[in-house]
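Presented below is the structure to which this report refers.
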Amino acid sequence: MSDVGWRQVATISEYMEIWPAAMHFALSKPEPLSPFVLNYRMIPEFGSGYVRSIALAGGNLQVLIADFTPQSTLEKFMLIEESFIEIGCFESDSTVFSSQHKREEAVVPGVYCYVNKAKMSCACSEAKRPVRFTKIALTKTYFNEQLSERLGMSYADLERSDTYFRRRSELPELNFIFQQIRDCRAEGETLMLYLESKIMELIAIVVDGLKNPERVGRGISVRLDRRDIRRLGKTVTYMKNNLASYPSHEQLAKLALMSTSRYCLAFKQCYGTTPYEYLKLMRMNRALLLLKERDCKISEVASRLGYQHAGHFASIFREYYGVSPSQYRRLYV
């Protein structure tokens with residue numbers, strides 16, 4: 001059975017105000033020190049879990065943190081007239097998203113970007129499967145008033161972020177920022193300052209990537225068409241679904257319908273690194289999620305990610321995040 005909701009609103013702030021009730025959440029205990037934070041619990045007959053909605057900069061910066069499991073499939077149709085960019089990190093794979101004139105696309109764990117252009121969109125969350133994500137939304141008004149001149153770029157330039165994220169969604173620093181936003185325990189003005197700084201850090205990484213695309217695949221020139229890029233994406237999906245395996249370049253090239261040499265050159269041109277290094281990126285991103293499972297020993301996390309020795313896994317984790325897996329657990333879990 002499907003539970004369907006439809007809304008058309010003028011602004012992202014208005015949407016954030018009505019979205020929880022439309023998805024069967026009820027306002028719960030307020031945070032006296034943080035009046036800009038609204039906490040919701042899912043009404044028990046519709047499921048379990050929570051949503052945390054945080055409005056910053058007069059509603060022009062929005063943070064939405066969710067962890068819930070619906071009893072029935074939830075379909076949400078929406079049209080928001082205001083221009084904004086949404087960047088988020090899904091930790092679940094139970095949602096399907098589509099927008100006007102585009103086919104449905106299953107959401108996979110990782111970072112994504114959505115550019116709102118006042119078109120109808122739909123999100124569908126499957127019954128009895130957990131939905132877990134952290135999102136930030138930045139309006140065109142905020143960007144033009146606060147960031148455009150400082151960054152030397154227009155909002156239209158920033159809209160190219162969706163292309164950037166399609167090829168850079170596994171950057172550990174992006175995933176780490178979302179984990180820090182989700183796990184922050186600060187309150188009041190400290191929370192506001194912390195979240196704004198994390199959002200600016202995220203935007204800075206994206207802007208740097210947009211302004212310096214030549215850093216990716218520098219010195220490599222392979223002619224790639226859309227079909228080639230889709231095939232390269234298939235190999236990334238394969239690696240993401242088989243993190244504990246060690247596919248050879250020959251196996252991946254066969255999946256991409258390319259010669260091994262062309263595949264390796266094409267992959268580096270498209271993703272800025274080798275297939276094995278990209279696999280390590282995905283493993284380290286998944287490690288952040290697995291380490292939140294306190295019942296999962298570090299040796300088990302290592303094994304689930306394809307590392308036979310926990311010490312080897314720990315040394316790679318430290319290279320990426322500056323702390324050991326056990327230290328990460330103490331600090332952030």
Side-chain angles (χ1 to χ4, degrees), residues 1-7 9 12-31 34 36-56 61-78 80 84 86-99 104-114 116 121-137 175 177-185 187 191 195 198 285-286 288-296 332-333:
M1 184 175 178
S2 179
D3 189 348
V4 181
W6 152 252
R7 292 291 186 275
V9 295
I12 183 69
S13 289
E14 185 181 347
Y15 171 72
M16 290 295 189
E17 289 174 4
I18 67 173
W19 180 83
M23 299 292 282
H24 309 303
F25 287 86
L27 193 62
S28 60
K29 185 179 179 180
E31 297 186 20
S34 308
F36 53 91
V37 177
L38 295 176
N39 293 302
Y40 300 87
R41 301 294 304 185
M42 199 165 210
I43 299 171
E45 66 183 280
F46 294 102
S48 61
Y50 72 89
V51 165
R52 194 172 192 221
S53 177
I54 305 170
L56 307 169
L61 286 178
Q62 298 278 348
V63 178
L64 190 65
I65 301 170
D67 189 350
F68 63 91
T69 303
Q71 281 292 338
S72 59
T73 296
L74 295 178
E75 288 187 279
K76 177 185 59 175
F77 294 88
M78 63 200 134
I80 304 173
F84 68 89
E86 178 180 287
I87 304 172
C89 181
F90 265 86
E91 298 180 20
S92 58
D93 60 358
S94 55
T95 302
V96 175
F97 180 82
S98 63
S99 59
E104 289 187 349
E105 185 174 349
V107 176
V108 297
V111 179
Y112 72 94
C113 177
Y114 169 69
N116 187 65
S121 62
C122 174
C124 177
S125 299
E126 294 179 34
K128 299 180 181 179
R129 293 191 62 196
V131 179
R132 186 178 171 90
F133 61 75
T134 304
K135 302 178 179 180
I136 66 109
N175 285 267
I177 289 171
F178 279 106
Q179 294 302 317
Q180 290 175 312
I181 289 174
R182 186 180 194 92
D183 298 335
C184 180
R185 298 183 179 90
E187 295 180 299
L191 174 63
L195 292 178
K198 287 289 125 183
N285 288 330
R286 185 65 58 84
L288 294 178
L289 305 183
L290 294 177
L291 287 169
K292 288 189 171 185
E293 301 176 17
R294 286 195 169 275
D295 294 335
C296 189
Y332 298 107
V333 179

Under the ring pair (Phe, Tyr, Trp, His ring centres under 6.0 Å) test, residues paired with Y40 that sit two or more places apart: none

S121 side chain near M78 side chain, heavy-atom distance below 4.5 Å: yes

N175 to C89 - nearest heavy-atom pair and separation: OD1-SG, 3.8 Å

Residues which pass side-chain hydrogen bond (donor to acceptor under 3.5 Å, both in side chains) with Q179, listed by chain and number, not counting sequence neighbours: E91, K292

Beyond-backbone contact of R132 with F90, side-chain heavy atoms, under 4.5 angstrom: no

Flag side-chain contact, heavy atom, 4.5 Å: P130 against F68: no

I87 and Y114, any side-chain heavy atoms less than 4.5 Å apart: no

Among V111, I65, D183, L64, the one residue meeting side-chain contact (heavy atoms from CB on, under 4.5 Å) with T134: I65

Side chains of V131 and T69 in contact at under 4.5 Å (non-hydrogen atoms): no

Minimum heavy-atom distance between N116 and I80, given as atom pair plus value: ND2-O, 2.8 Å

Worked check of side-chain contact (heavy atoms from CB on, under 4.5 Å) between I54 and L195: CA-CA 9 Å; I54 305 170; L195 292 178; 3.7 Å; yes

Minimum side-chain heavy-atom gap L191-F36 below 4.5 Å: yes

For R286, all residues meeting side-chain hydrogen bond (donor to acceptor under 3.5 Å, both in side chains), sequence neighbours excluded: none

side-chain hydrogen bond (donor to acceptor under 3.5 Å, both in side chains) against Y112, all qualifying residues, sequence neighbours excluded: E86

Full working for side-chain contact (heavy atoms from CB on, under 4.5 Å) between S34 and E187: CA-CA 6 Å; S34 308; E187 295 180 299; 4.0 Å; yes

Salt bridge (charged side-chain N to carboxylate O under 4.0 Å, His left out) against E14, all qualifying residues, sequence neighbours excluded: none

Residues that R129 engages under side-chain hydrogen bond (donor to acceptor under 3.5 Å, both in side chains), provided they are two or more places apart: D93, E126

From SG (C124) to CD (E75), nearest 0.5 Å: 4.5 Å

side-chain contact (heavy atoms from CB on, under 4.5 Å) against C122, all qualifying residues, sequence neighbours excluded: F77, S98

Residues which pass side-chain contact (heavy atoms from CB on, under 4.5 Å) with S28, listed by chain and number, not counting sequence neighbours: N39, R41

Salt bridge (charged side-chain N to carboxylate O under 4.0 Å, His left out) pairs, two or more places apart, involving residues 44-55: E31-R52

Q180: partners by side-chain contact (heavy atoms from CB on, under 4.5 Å), with sequence neighbours left out: F176, I177, Y194, K198, Y332

Between OG1 on residue T95 and CD on residue E105, distance to nearest 0.5 Å: 12.5 Å

Check: F46 ring centre within less than 6.0 Å of F25 ring centre: no

Steps toward side-chain contact (heavy atoms from CB on, under 4.5 Å) verdict (V107, V96): CA-CA 6 Å; V107 176; V96 175; over 6 Å; no

Nearest non-hydrogen partners of S125 and P70, listed with the distance: O-CG, 4.5 Å

CG-SG distance between L291 and C296, expressed to the nearest 0.5 angstrom: 8.0 Å

Interatomic spacing from OG in S94 to CG in L74 - rounded to 0.5 Å: 10.0 Å

